[in-house]
Amino acid sequence: METIKCDLTIIGAGMAGMAATLFAANRGLSVAQVGSASEIGLASGLFDLLGIHPMIEGKRWDNPWAALEALARDVPKHPCAQIPPKDFQEAFDELLDFLEEAGLPYSRNPNRNVSIITPLGTVKTTYCTPWTMWEGVKALEQIRPCLIVEFKGLKGFSAGLMAENLKNRWPGLRTKRIPFPGAGQKEEVLPEQMANALVLTGNRVKLAQLIKPEINGAQCVGLPAVLGLYQSSKVVSDLTELIGVPVFEIPTTPPSIPGLRLKEAFERGLRQKRPFYYSQKRVIEVQQGRGGEFEIGIDSQNGRQTINSPGVLLATGRFIGGGLAADRKRIRETIFGLPVFQPQSRGEWHRENFFDRQGHPINRAGVEIDAQFRPISEQGLPLFHNLFAAGSILAHQDWKREKCGTGLAVATAFGAVKAFLEIAKRDN
Ligand SMILES: Cc1cc2nc3c(=O)[nH]c(=O)nc-3n(C[C@H](O)[C@H](O)[C@H](O)COP(=O)(O)OP(=O)(O)OC[C@H]3O[C@@H](n4cnc5c(N)ncnc54)[C@H](O)[C@@H]3O)c2cc1C
């Protein structure tokens with residue numbers, strides 16, 4: 001049995017846990033992080049801030065900061081409403097700088113949401129996109145004549161379906177189906193294999209040779225987001241040069257290469273900043289000593305590992321992440337057994353219509369917090385002096401419908417780390 005000591009233990013390695021680790025390490029805290037980063041690998045790679053509010057009206061906002069103001073007015077308990085806009089901006093700036101340094105640049109208009117096409121041919125509101133997708137945002141805005149290319153054997157990406165569904169919004173779309181270089185007559189080609197193949201210059205040249213004769217007046221080319229597992233910006237720049245018109249990526253369904261790039265960029269960029277990282281491990285119990293310090297037990301093949309730290313930041317997500325679990329009657333928080341804000345009975349978890357614009361009450365279930373991001377009791381009091389929570393585990397939000405997944409994760413991580421620092425300063 002091995003014990004380590006640090007200032008703050010972050011439980012969770014999804015977007016909230018990774019962002020919290022970055023913010024804490026950048027402020028000089030020694031951090032231990034536990035969790036699996038695999039959820040990030042499923043994500044589209046887009047960063048939403050806040051796109052839709054109120055949900056029932058489905059109102060889309062061009063200005064995410066104005067949307068946040070309206071949200072704070074209408075839903076004061078929403079976790080995104082707990083962060084001053086200045087902190088929200090600082091959090092995004094810090095994250096984007098970090099990713100750029102880690103070789104994964106993102107693009108945005110700082111004060112404007114943008115629209116991006118999805119593999120279903122719908123249009124999604126988001127805030128930042130990987131740099132490799134940005135040309136597609138501009139092309140949609142300007143309705144430029146565009147060629148969308150699909151690959152034989154790549155499942156879940158149909159250029160024809162996209163063009164059909166987008167024909168009113170983007171009339172100049174043409175499509176082409178081509179074999180992926182080197183895939184021969186294979187029935188199925190996998191995104192990871194394609195992304196790996198395109199790391200090699202020779203495969204980029206072969207791909208450009210297949211696309212170039214099809215241009216016929218198109219001013220840009222959209223391809224599924226498989227353009228390099230690493231160095232995607234270089235792959236897109238090279239293809240742009242070889243084909244002669246701007247090339248952009250279109251998000252795909254999971255498993256997502258932009259999600260894997262994000263996971264890899266976090267792992268690489270945080271390596272030097274985070275002294276202790278227990279990847280693919282789970283916290284199995286947490287106890288608090290008399291002095292208030294937490295003792296965090298982790299399952300490990302080599303026996304039990306223990307972390308001692310004065311603070312814990314809970315970023316364990318919802319049902320997929322494992323932070324919340326539901327039995328036949330109730331929803332519970334899985335590590336501390338914290339109270340979970342939820343409907344009175346299971347019968348109220350879902351509305352009858354799956355597409356009901358009000359969303360389902362179960363999606364707003366979660367842990368409630370005070371102004372310092374500390375989980376609270378039913379009486380509204382913090383349950384632990386130094387336990388903080390961030391990300392999708394928090395109550396009173398529906399990130400998927402409100403299009404605020406990354407905004408929620410990143411801003412609450414920032415708020416929780418800031419609160420830990422303020423309380424630690426006060427205690428000393
Ligand atoms: C399919 C998909 C599409 C997405 N698309 C978008 C999008 O278009 N735009 C956008 O902004 N965001 C998108 N997201 C990302 C989404 O914003 C984030 O996943 C969401 O904000 C939740 O992040 P989180 O860190 O709170 O939770 P999660 O990502 O669920 O992470 C929870 C973490 O907690 C860990 N954990 C749980 N229990 C334990 C335990 N006992 N011990 C140790 N670790 C534990 C898990 O291993 C995991 O690392 C998408 C996500 C998915 C899955």
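It should be emphasised that the depicted structure is a prediction, and the values quoted were computed from it without experimental measurement.
To the nearest 0.5 Å, atom NZ of residue Lys167 and atom CG of residue Leu173 are 12.0 Å apart. Taking OG1 of Thr412 as the reference point, atom NZ of Lys418 lies at 14.0 Å (rounded to 0.5 Å). With rounding to the nearest 0.5 Å, the separation of CD in Glu135 from CG in Leu140 is 12.0 Å. The CZ atom of Phe88 sits 6.0 Å away from the CH2 atom of Trp65 when rounded to the nearest 0.5 Å. Rounded to the nearest 0.5 Å, atoms NZ (Lys77) and CD (Gln397) are 14.0 Å apart. To the nearest 0.5 angstrom, Phe98 atom CZ is 6.0 Å from Phe266 atom CZ.
Here Lys400 does not pair with Asp48 in a salt bridge; the nearest charged N to carboxylate O distance is not below 4.0 Å. Salt-bridge formation is detected for the pair Glu293/Lys5: a Lys NZ or Arg NE/NH1/NH2 atom is positioned less than 4.0 Å from an Asp or Glu carboxylate oxygen. Ion pairing of Lys273 with Glu101 is absent here, as no side-chain N (NZ or NE/NH1/NH2) approaches a carboxylate O to less than 4.0 Å.
Taking a 6.0 Å sphere around CD of Gln142, one finds it holds more than 12 heavy atoms contributed by other residues, nucleotides or ligands. Annotation for Glu241: atom CD does not count as buried by contact number, only 12 or fewer foreign heavy atoms lying within 6.0 Å. No more than 12 heavy atoms of other residues, nucleotides or ligands shown are found within 6.0 angstrom of CD1 on Ile320. Annotation for Arg169: atom CZ does not count as buried by contact number, only 12 or fewer foreign heavy atoms lying within 6.0 Å. Residue Glu214 qualifies as enclosed at atom CD: its count of foreign heavy atoms under 6.0 Å is above 12. Within 6.0 Å of NZ in Lys281 there are more than 12 heavy atoms belonging to other residues, nucleotides or ligands. The environment of CD in Glu188 is crowded: more than 12 heavy-atom neighbours from other residues, nucleotides or ligands sit within 6.0 Å.
Residues Pro105 and Ser233 form a side-chain contact, since some pair of their non-hydrogen atoms from C-beta on lies under 4.5 Å apart. Side-chain contact between Ser115 and Glu141 is absent, with no heavy-atom pair separated by less than 4.5 Å. A heavy-atom distance below 4.5 Å is found between the side chains of Val75 and His53. In this structure, the side chains of His360 and Arg401 come closer than 4.5 Å at one or more pairs of heavy atoms. The side-chain heavy atoms of Asn386 and Val312, taken from C-beta on, include no pair separated by under 4.5 Å. Proximity of Pro79 to Trp399: side-chain heavy atoms (C-beta onward) are nowhere separated by under 4.5 Å. At least one side-chain heavy atom of Glu402 sits under 4.5 Å from a side-chain heavy atom of His78. Phe180 places none of its side-chain heavy atoms less than 4.5 Å from the side chain of Leu154.
Distance alone, capped at 3.5 Å, is enough to place a donor-acceptor pair between the Asp299 side chain and the Arg282 backbone. Counting only distance, with no hydrogens or angles, the side chain of Arg261 and the backbone of Gly228 share a donor-acceptor pair below 3.5 Å. A donor-acceptor pair under 3.5 Å is formed between the side chain of Thr21 and the backbone N or O of Gly17. Judged by distance alone, the side chain of Thr240 and the main-chain N or O of Val247 form a donor-acceptor pair under 3.5 Å. Side chain of Arg364 to main chain of Gly359: no donor-acceptor pair is present (N/O by atom type, distance under 3.5 Å, no hydrogens or angles). Judged by distance alone, the side chain of Asp87 and the main-chain N or O of Ala411 form no donor-acceptor pair under 3.5 Å. Distance alone, capped at 3.5 Å, places no donor-acceptor pair between the Ser30 side chain and the Cys6 backbone. Remark: side-chain polar atoms of Arg204 are paired, donor with acceptor, to backbone N or O of Leu198 under 3.5 angstrom. When atom types are taken as modelled, the side chain of Glu295 and the backbone of Gly297 share no donor-acceptor pair closer than 3.5 angstrom. Remark: the backbone N or O of Asn363 is paired with a side-chain donor or acceptor of Arg318 at under 3.5 angstrom.
Note on ring orientation: taking the six-membered ring where Trp is involved, the planes of Phe384 and Phe294 are tilted (angle from 30° to 60°). Under the 30°/60° scheme for interplanar angles, the aromatic rings of Phe414 and Phe23 are found to stand perpendicular.
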side-chain contact (heavy atoms from CB on, under 4.5 Å) for Ile331 and Phe319? Distances and angles first, verdict last.
CA-CA 10 Å; Ile331 301 164; Phe319 301 102; 3.9 Å; yes

Would Met162 and Thr175 satisfy side-chain contact (heavy atoms from CB on, under 4.5 Å), going step by step from the backbone distance to the final call?
CA-CA 9 Å; Met162 294 172 72; Thr175 64; over 6 Å; no

Between Glu333 and Ile393, does the side-chain contact (heavy atoms from CB on, under 4.5 Å) criterion hold? Intermediate values first, please.
CA-CA 9 Å; Glu333 186 281 317; Ile393 193 171; 4.1 Å; yes

Check the pair Leu314 / Leu338 against side-chain contact (heavy atoms from CB on, under 4.5 Å), numbers first and verdict last.
CA-CA 11 Å; Leu314 190 67; Leu338 300 170; 3.7 Å; yes

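In this structure, Asn26 and Glu94 approach most closely via the heavy-atom pair ND2-OE2, 2.9 Å. Here the closest heavy-atom approach between residue Ala20 and residue Val417 is recorded as O-CG2, 3.6 Å. Between Gly156 and Thr253 the shortest heavy-atom distance is O-OG1, 4.2 Å. What you find for Gly45 and Pro130 is that their closest heavy atoms are O-CD, 3.5 Å. The two residues Pro119 and Ile250 come nearest to each other via the heavy atoms N-CG2, 4.5 Å. Between Ile307 and Ala32 the shortest heavy-atom distance is CD1-CB, 3.9 Å.
In this model, a donor atom of one side chain and an acceptor atom of the other lie less than 3.5 Å apart for Glu249 and Thr132.
For the ring pair (Phe, Tyr, Trp, His ring centres under 6.0 Å) test with Tyr127, the passing option among Phe47, Phe92, Tyr106 is Phe92; the others fail.
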